[in-house]
There are 2 protein chains.
Amino acid sequence: MEKQIDNHYRYLQQHFSYLIRQQALLPGEKLPSERDIGERFNLTRMTVRQGLQTLEAEGLIYRQNRRGWFVSPPAVVYNPARRQSFIEYVSSQGFEPSTDLIGVTVNPADARMAELMKVDKGARLLFLQRRRSIDGRPVLIEHIYINTALLPGIEKEDMSQSLTHLLRNKYGQAYHSMNLIFKSTALLEDAARELGAAAGLPGLHIERTNYDAAGRVLELDYEYWRHDAVTIQIDVNDA
Amino acid sequence: MEKQIDNHYRYLQQHFSYLIRQQALLPGEKLPSERDIGERFNLTRMTVRQGLQTLEAEGLIYRQNRRGWFVSPPAVVYNPARRQSFIEYVSSQGFEPSTDLIGVTVNPADARMAELMKVDKGARLLFLQRRRSIDGRPVLIEHIYINTALLPGIEKEDMSQSLTHLLRNKYGQAYHSMNLIFKSTALLEDAARELGAAAGLPGLHIERTNYDAAGRVLELDYEYWRHDAVTIQIDVNDA
DNA sequence: CAGTGGTCTAGACCACTCC
DNA sequence: GAGTGGTCTAGACCACTGT
């Protein structure tokens, strides 16, 4: 007993949704061009785009700026409580992670950052911008602020590697506790551009504060994810 | 040093974003109609709608079906680890929570539900559908499956009240552990309609499995949130 | 009823990617 | 240069809301 679809864009949505679920269209595969779809279904490009946008909102397809629409791969599961690095949890799920370093600078903390990281104004903070990809598809932009006073010499390390590993191996620091904030919102304009995505793309923001054993802020991490690329999972145990 | 905006819809976005941040437009306030905005800025309705949709994706405004666009109130912070009820965490943040019971049925478990809840196929499950609002604004639809065998007589209770309280007071059951899954995706069609929202609205899905002290599944809870209405916050402590 | 957003048409030009 | 999505125009009719 299927529901009657009287909207054209919903018809498109259901059509492609069906093809994707049946795996007639495979992850990473390119959809026909908007003009081709319009011709095939006798629809204006605007209507086609509306249909595609609803599929994008569902996380079934994604676009790369002016290159086309593609079927979304399955989302990676991110379980922050496990304290695994991006590299660990992505590869353990059978995907291929990679990291591009976009920028590294050392800046004095302004008033806002000083408060967030519980350091004095002017303290030296290492600021990293990285892009991380899964199977070659850019999925998140990361902005990281590191308290260099707690991790001397860290700015001389290779910053495209896993910070989790670096802290563990070189500094003997495991993350002790962390505070996590998740928010569903549009990707920031810069993040969208660096992901090769259209601005205003639905995104997931994660803000993570990592503390050392003494409760000091080791690192502040902002992650801007393509919303279809990740599922968050957490186990909460007895208090 | 402001960036030059050459897109019309981005200009609109920046304009209203500014007004909202300056509180020249207050939470809950209605925006002018799409046609009025178009006239004022000399833009087509399609372009106006595109601008408004990006503001919606940012979580700054929301719409109610055919009633208009409104400024979003601040998001409520949901911290699952605190095991507070919706009523508790909403009211403790200075908002007014309310709950509408949409449906109650008792059904035998099908194969899928039986597996998810670790019961025999055909076991009696209480199924609740509720709509929850903050300050009168519907923000989430909840689908709850309850294992009646563990909570005898529960189907005779008032199901618009807090389940957390009911379990605590009548059954002496506190939630022990829970498993949480968060996914940013479009609202389901039914959920969107019950929230008075357009279908395909960006949404946040939360899936929560609550276990009793013996590790049995007490309750399975699916929450479909308007994406601008909630921020998730979790503290993870030493393992 | 008038007013609102929801959907849709039939075009157009532009910016960028790919070859 | 051909093809793609990104943006935009100037309309139209419909479904639903409020009065």
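We name chains A, B, ... by the order of the sequence lines, and we start the count at 1 in each one.
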Applying salt bridge (charged side-chain N to carboxylate O under 4.0 Å, His left out), name anything that partners A:D110, two or more places apart in sequence or on another chain.
none
So what's the dot-bracket for DNA chain D: Watson-Crick or G-U pairs under 3.5 Å, [ ] if a pair crosses, | if it pairs off-strand?
||||||||||||||||||.
Please list, chain by chain and in numerical order, all residues satisfying side chain to side chain contact (heavy atoms under 4.5 Å, CB included) with B:N65, sequence neighbours excluded.
none
Check salt bridge (charged side-chain N to carboxylate O under 4.0 Å, His left out) between A:R82 and all other residues, then give those that pass, not counting sequence neighbours.
none
Residues in ring pair (Phe, Tyr, Trp, His ring centres under 6.0 Å) contact with A:Y89, at least two apart in sequence or another chain
A:Y78, A:F86
Range on DNA chain C touched by chain A, heavy atoms, distance below 4.0 Å:
C:dT7 to C:dC18
For DNA chain D, which residues of residues 46-53 of chain A approach it to below 4.0 angstrom with any heavy atom?
A:M46, A:R49
B:R67: what forms a side chain to side chain contact (heavy atoms under 4.5 Å, CB included) with it, not counting sequence neighbours?
B:Q64, B:F70
A:T164: side chain to side chain contact (heavy atoms under 4.5 Å, CB included) partners, not counting sequence neighbours
A:S85, A:S162, A:R168, A:Y175
Residues of residues 56-67 of chain B with a heavy atom under 4.0 Å from any atom of DNA chain C, listed by number, are B:R63, B:N65, B:R66
For B:H143, give me all partners under ring pair (Phe, Tyr, Trp, His ring centres under 6.0 Å), at least two apart in sequence or on another chain.
B:F127, B:Y224
Can you list everything that forms a side chain to side chain contact (heavy atoms under 4.5 Å, CB included) with A:H15? Sequence neighbours excluded, please.
A:L19, A:F41
